[in-house]
Colleague: 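Here you go, one structure.
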Amino acid sequence: MQKMETLSSLRIFKTILIILSLVLLFNIPTQAQGLLYKLRPIQHDLAASKIGEPATTKPYDYILKFLSSSSFPSRASFPSDFLFGTGSSALQIEGAGHEGGRGLGIWDDIVNQHKDVYGDVDKFPKKIEHYKRYKEDVQLLKRLGVNSYRMSISWSRVMPNGTLEGGINKEGINFYNNLINELLENGIEPFVTILHFDYPLALKQKFGGFLNHSIVKHYKDYSELLFKTYGDRVKYWTTINEVEVTSIFQYMLNIDNISTDEECKTTRKCTLSYTLLHNFLLAHASTSKLYRTKFQAIQGGEIGLVLSSGCYVPYSSKLEDVAATQRLMDFYWGWILDPVFHGNYPKIMRKLVGNRLPKFTKKEKKMLKGSTNFIGINYYTSHFAIYEPNRTKSIGDSYDALARSEVFNEEGKPLGYKDQYAWNYVYPEGLYNMLLYIKDKYKNPKVYITENGVASTKIPNPLKDEHRIAYIAAHINATKAAIDDGANVRGYFAWAAFDTFEFQAGYSGNWGLYHVDFNDNLKRIPTDAAKWYRKYLTHDLRD
Ligand SMILES: *[C@@H]1O[C@H](CO)[C@@H](O)[C@H](O)[C@H]1NC(C)=O
Ligand SMILES: *[C@@H]1O[C@H](CO)[C@@H](O)[C@H](O)[C@H]1NC(C)=O
Ligand SMILES: *[C@@H]1O[C@H](CO)[C@@H](O)[C@H](O)[C@H]1NC(C)=O
Ligand SMILES: *[C@@H]1O[C@H](CO)[C@@H](O)[C@H](O)[C@H]1NC(C)=O
Ligand SMILES: *[C@@H]1O[C@H](CO)[C@@H](O)[C@H](O)[C@H]1NC(C)=O
């Protein structure tokens, strides 16, 4: 799920750059000296991406041409055990929210309370009825030729009030048993997210959900149930999806209460972002420890966590923007990666956030360090980073980073080309750079690209999504380039398998490789990108 860009429209607040404090003047050069960030551009022809140019030429033509050339990396040029898949999440496709014994989830509540803000609210309860049509959907996945499918389990469906005392829902347990078996029988490895945004509302109502450390115990109970029940067959687990997006959106942006107007430092909200992420990390680490000590040796799987990220590129060559770039990386990726690889938050975060940043105990640090077998990254686009000393409002980046992301740089140029059918700028180099950055900074961990894709928001015919072919192909190419340069990438999952409910945008983004026709009994129809992906995975494109 990609929510970051909803923000661009919110980027109406342009805080004026003012006098630097003495402290900052002192800090910036020293931070910049230790800068790890190196931009490694992939050369490509950006001639077609001049700003303001009408969409008469397709900015991605050069990719389509490249696709049929012998330099495009074939499926066979990737390792044979490389996972090529696609994904979805329980909340976004299952439907049957009130059926099969499922309890209410937090998103049932959020969407109900803000019907005016969320698109396609009428379609929210049924979604695309994957719960009922999973067998058909597995056949569609099989047709794509993927060897893996990223899915998530709904906590509310297997443990309706979130706790063991509240009981286990047999019907929910059976549903995922059937889905997992169906996938395996069709040669598709399930790649399972334990928590993808939604969790039982009862936990939030009773004690504040992930704002309360008590949830760690319940999350661990829930995960243990999954390992015990499905771990004989599931070999890829991820604990939590996009914890930083959830934390920033839920509190800095106050998504529950759709308002971005409050000053961060003076309210509880922005501090709550740090609390929320802290508990997410502790839930991740204790569950990972449980898996690794109790299940891994017998079951032979691996466990990781998933972050959402774009790369950052300096807004200008000014030292302060270069330092701001590193800070945004530390505040966004480092916020998670430093704890799970090194056992603590980045130094710069501890310094700038001060006592609003929760602290890990010695024991927790030990538990966190090395708590992941791999990293999942969800990549969509990248941004410039600009120094901003006086942020009074949060607009999608961490308020405390003294930096802000920007779509255009000092010269008014974007990163990559504008996709005229979507909302974003397409910048596969950002994926490459990020993979290389993670390789260098965190000792080359295993990485899966757990989401990558583009919307078809402004497309006349959602089935004619040639722009998505170009998008996916260019990112597969960037992935291969990163592997060739030593990054330990083990899989790629196109987002999304089917049209998914994308919160504020509802279904308007047409994210699916399979388009779902809401006027024709939720019929699933392969788009051109689905046909291309199938051909890529199952034939040689140059045949
Ligand atoms: C869940 O249900 C059990 C049994 O009714 C109850 O004891 C517990 O307090 C409930 N927990 C929550 C979080 O609602
Ligand atoms: C956290 O949850 C516990 C119950 O598990 C409760 O006693 C406590 O008051 C909660 N704390 C907050 C800050 O809500
Ligand atoms: C929503 O936010 C406003 C301030 O931004 C606050 O006064 C109000 O109580 C909040 N409402 C809810 C339901 O949280
Ligand atoms: C930051 O901006 C606010 C208004 O946007 C202003 O009142 C304040 O004085 C500024 N702070 C500094 C340090 O410049
Ligand atoms: C594909 O990747 C190579 C680097 O291996 C790069 O030189 C080339 O420009 C990329 N092509 C496209 C269309 O992105």
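Just so you know, residue 1 is the first one in the sequence shown, and it goes up from there. Start at 1 and go down the list; that is how both ligands and their atoms are numbered.
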Colleague: Looking only at distance, does K206 have an N or O less than 3.5 Å from an N or O of ligand 1?
Modeller: yes
Colleague: Assert yes or no for the condition that the ring centre distance of Y425 to H383 is strictly below 6.0 Å.
Modeller: no
Colleague: First locate atom CG of L281, then atom CG of L276, and finally report the distance between them rounded to the nearest 0.5 Å.
Modeller: 10.0 Å
Colleague: May I ask you to check whether W495 and Y380 place their ring centres under 6.0 Å from each other?
Modeller: no
Colleague: For atom 3 (C) of ligand 2, what is the nearest protein heavy atom, given as residue, atom name and distance?
Modeller: S214 OG, 3.5 Å
Colleague: What residue and heavy atom of the protein are closest to atom 13 (C) of ligand 2, and at what distance?
Modeller: N212 ND2, 4.4 Å
Colleague: Are E94 and R157 ion-paired here, with the side-chain N under 4.0 Å from a carboxylate O?
Modeller: yes
Colleague: Do N147 and D81 get their side chains close enough for a donor-acceptor pair, meaning under 3.5 Å?
Modeller: no
Colleague: Got a protein heavy atom sitting under 4.0 Å from atom 9 (O) of ligand 2?
Modeller: no
Colleague: List ligand 5 atoms under 4.0 Å from N477, heavy atoms only on the residue side.
Modeller: 1 (C), 2 (O), 3 (C), 8 (C), 10 (C), 11 (N), 12 (C), 14 (O)
Colleague: If you measure from each heavy atom of Y62 to ligand 5, is any distance below 4.0 Å?
Modeller: yes
Colleague: As an exercise, identify every atom of ligand 5 less than 4.0 angstrom from a heavy atom of A481.
Modeller: 4 (C), 5 (O)
Colleague: Tell me which one of L201, I215, N161 gets a heavy atom nearest to atom 6 (C) of ligand 1.
Modeller: N161
Colleague: For ligand 1, which atoms sit closer than 4.0 Å to a heavy atom of A202?
Modeller: 13 (C), 14 (O)
Colleague: Going by atom types only, do Q92 and S89 share a side-chain donor-acceptor pair under 3.5 Å?
Modeller: yes
Colleague: What protein heavy atom is closest to atom 4 (C) of ligand 1, reported as residue, atom name and distance in Å?
Modeller: E165 O, 3.7 Å
Colleague: Looking at the rings of W333 and Y437, which for Trp means the six-membered one, are their centres under 6.0 Å apart?
Modeller: yes
